[in-house]
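What follows is a short report on a single structure.
Chain letters run A, B, ... following the sequence lines, proteins first and then strands; every chain starts at 1.
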2 protein chains.
Amino acid sequence: MAEVERISKRGAIRQENEARILSAAEKVFAEAGFGGATMQLIADMAGLPKANLHYYFATKEELYRKVVQQIFEIWLHAADSFDDAPGPVEAIGAYIDAKMEISRRHPFGSKVWASEVMHGAPVIQDYLETTLREWTGGRAKLIQKWIDEGKMASIDPRHLLYMLWATTQHYADFGHQIETLNGGKPLSDRQWKEAKESVRSIILRGIGAL
Amino acid sequence: MAEVERISKRGAIRQENEARILSAAEKVFAEAGFGGATMQLIADMAGLPKANLHYYFATKEELYRKVVQQIFEIWLHAADSFDDAPGPVEAIGAYIDAKMEISRRHPFGSKVWASEVMHGAPVIQDYLETTLREWTGGRAKLIQKWIDEGKMASIDPRHLLYMLWATTQHYADFGHQIETLNGGKPLSDRQWKEAKESVRSIILRGIGAL
DNA sequence: TCGCTTCCTGACCATATGGTCAAGGTTGAG
DNA sequence: CTCAACCTTGACCATATGGTCAGGAAGCGA
């Protein structure tokens, strides 16, 4: 900290405050939705005066866009596990693992993402049509290859992907429901592990890869 | 219509307008979220002056609550299929069918429900803690019975239920994403059928019930 | 120290929104 | 026909909110 300040307080301040704001914004957007979130609330949560937010992020939309882009990066990154794997068991197993971990570590971001898509993707429609479409197409082909090679049953690759997304994301988006059904307590380490295992085993067996 | 009016225009008007408003509200809440929805927008969509909404529904909260309750009823009703079935194949198959149909027929309601839960269930928390908790507990026991009877593999019943909810609801909540990945077109009849089949076969095989 | 850039913030503004109200219209039982 | 209950709605209000701005503080290279 002291060192950073000595070297360059300029950049450090900006970085620190932007991160602080983005983190607060993520939480507020997740809990209140875009329409329900207020700059004042975000400012309070970030511990900064409201006018200061507007110094770093001109408008609410801009701030929101940054938050969404941030989670999309993480989201896409989880896909890396998919690529360098010999077959469906390793690839899909690792993917489930990665996405479950995202649900656990970034519940707010996940909710913001879900909210964004549910509302018709007003700010990331172009990503859906470019990056995501490509990604999906590529993975679908890969899955089809595995099917052709007899490594798994004949399943529509698209619907398998949807299922992976749905199931893993559910633990973030509907975390409150799950928590309520869990006696009002968040899932423990053990329970998270069980969740992962359940998802993994049902899906891998379900596609005939085990 | 004419008959209804002749019999009792009083009750008919109320019923007609409330239904009109609820339908418009469902759509607007789904597309904009609670915070983003405005009474004016709902009024316009219902074809009524804003002041008229407040005649039937005192506050935005009250209107919202009605919308959420409405979808919760439908949601619970889909569970009927679960009860009078001899084993997991029939029960879960029928449940998937029913829930997929809800996602297709009531995409707005599904989104409102998802949004409500994602935001911490501010208005239906009590339902979650009573009705839903009971329902879930009952089904979990039933599933456990099937496991004990050797009708399916040993899977944590809770996580199986979560998976069913997640997967089926995904087709409503993330319908926009799916549509985008489908070339910008809504799923056709055939594609919906394929979706159902995919979900059904993966899950039923996944739990070792086939 | 000087001067330039970056950062900070209280006060302020225009607008949008949930909600109210009073006056007037419609319906149907007696 | 009458009257009370029900329905309709334009105008209005208080408030909350996104965004602005001017003036000042802090950092930093020279």
Side-chain angles (χ1 to χ4, degrees), chain A residues 1-22 24-29 31-68 112 119 122-123, chain B residues 1-22 24-29 31-68 112 119 122-123:
Chain A
M1 185 75 138
E3 277 178 320
V4 173
E5 281 179 2
R6 218 180 302 139
I7 292 170
S8 157
K9 198 156 186 178
R10 279 275 168 76
I13 288 178
R14 179 160 216 109
Q15 205 176 323
E16 155 94 21
N17 282 341
E18 286 186 351
R20 212 196 191 83
I21 293 168
L22 282 170
E26 183 177 280
K27 193 170 180 185
V28 174
F29 281 134
E31 285 174 349
F34 178 81
T38 72
M39 294 299 269
Q40 188 62 62
L41 219 72
I42 296 171
D44 291 349
M45 185 149 298
L48 295 171
K50 193 186 67 160
N52 212 346
L53 293 209
H54 283 98
Y55 174 73
Y56 289 105
F57 302 93
T59 67
K60 191 181 171 186
E61 272 84 4
E62 187 188 320
L63 176 54
Y64 175 73
R65 190 169 299 137
K66 285 278 164 60
V67 170
V68 172
V112 173
H119 295 353
V123 325
Chain B
M1 184 78 136
E3 276 178 320
V4 174
E5 281 180 2
R6 216 180 302 141
I7 293 168
S8 158
K9 198 156 186 177
R10 280 277 167 76
I13 287 179
R14 180 159 214 111
Q15 205 175 324
E16 155 94 21
N17 281 341
E18 285 186 352
R20 213 195 189 84
I21 293 169
L22 283 170
E26 184 178 280
K27 192 170 180 185
V28 173
F29 282 133
E31 285 173 350
F34 178 80
T38 71
M39 294 299 268
Q40 189 61 61
L41 219 72
I42 296 171
D44 291 349
M45 184 149 299
L48 295 170
K50 192 186 68 158
N52 211 346
L53 291 209
H54 282 98
Y55 174 72
Y56 289 104
F57 301 92
T59 67
K60 191 182 171 186
E61 271 85 2
E62 187 188 321
L63 176 53
Y64 175 74
R65 190 170 298 138
K66 284 279 164 58
V67 171
V68 172
V112 173
H119 295 354
V123 324

Working to the nearest 0.5 Å, report the span between CG of B:Asn17 and OH of B:Tyr56. 4.0 Å
Of the candidate nucleotides D:dG19, C:dG18, D:dT8, which contains the atom at the shortest distance from the side chain of B:Lys60? C:dG18
Of the nucleotides D:dG19, D:dT17, C:dG19, which has the atom closest to the A:Thr38 side chain? D:dT17
Nearest to side-chain heavy atoms of B:Tyr55, which nucleotide of C:dC8, D:dC7, C:dG19: D:dC7
Within this structure, what is the CD-to-P distance between B:Gln40 and D:dG10, rounded to whole angstrom? 10 Å
Salt bridge between A:Glu61 and A:Arg65, side-chain N to carboxylate O under 4.0 Å? no
Quick one, B:Met45 and B:Lys27 - any side-chain contact, counting heavy atoms below 4.5 Å? yes
Does the pair B:Glu16/B:Arg20 count as a salt bridge with the N-to-O cut at 4.0 Å? yes
Not counting sequence neighbours, which residues clear salt bridge (Lys or Arg N to Asp or Glu O under 4.0 Å) with B:Glu62? List them please. none
Is A:Phe57 touching bases, backbone alone, or none of the nucleic acid, heavy atoms closer than 4.0 Å? nothing
Under 4.0 Å from OP1 or OP2 of C:dT6: is there any side-chain N or O of A:Arg14 that close? no
Can you measure A:Phe34 atom CZ to D:dT17 atom C1' for me and round it to whole angstrom units? 12 Å
Rounded to the nearest angstrom, tell me the gap between atom CD in B:Gln15 and atom C1' in D:dC6. 16 Å
B:Lys66 side chain vs B:Glu18 backbone, donor-acceptor pair below 3.5 Å: no
Please list residues of residues 43-54 of chain A whose heavy atoms come under 4.0 Å from any atom in DNA chain C, ordered by number; otherwise none. A:Pro49, A:Ala51, A:Asn52
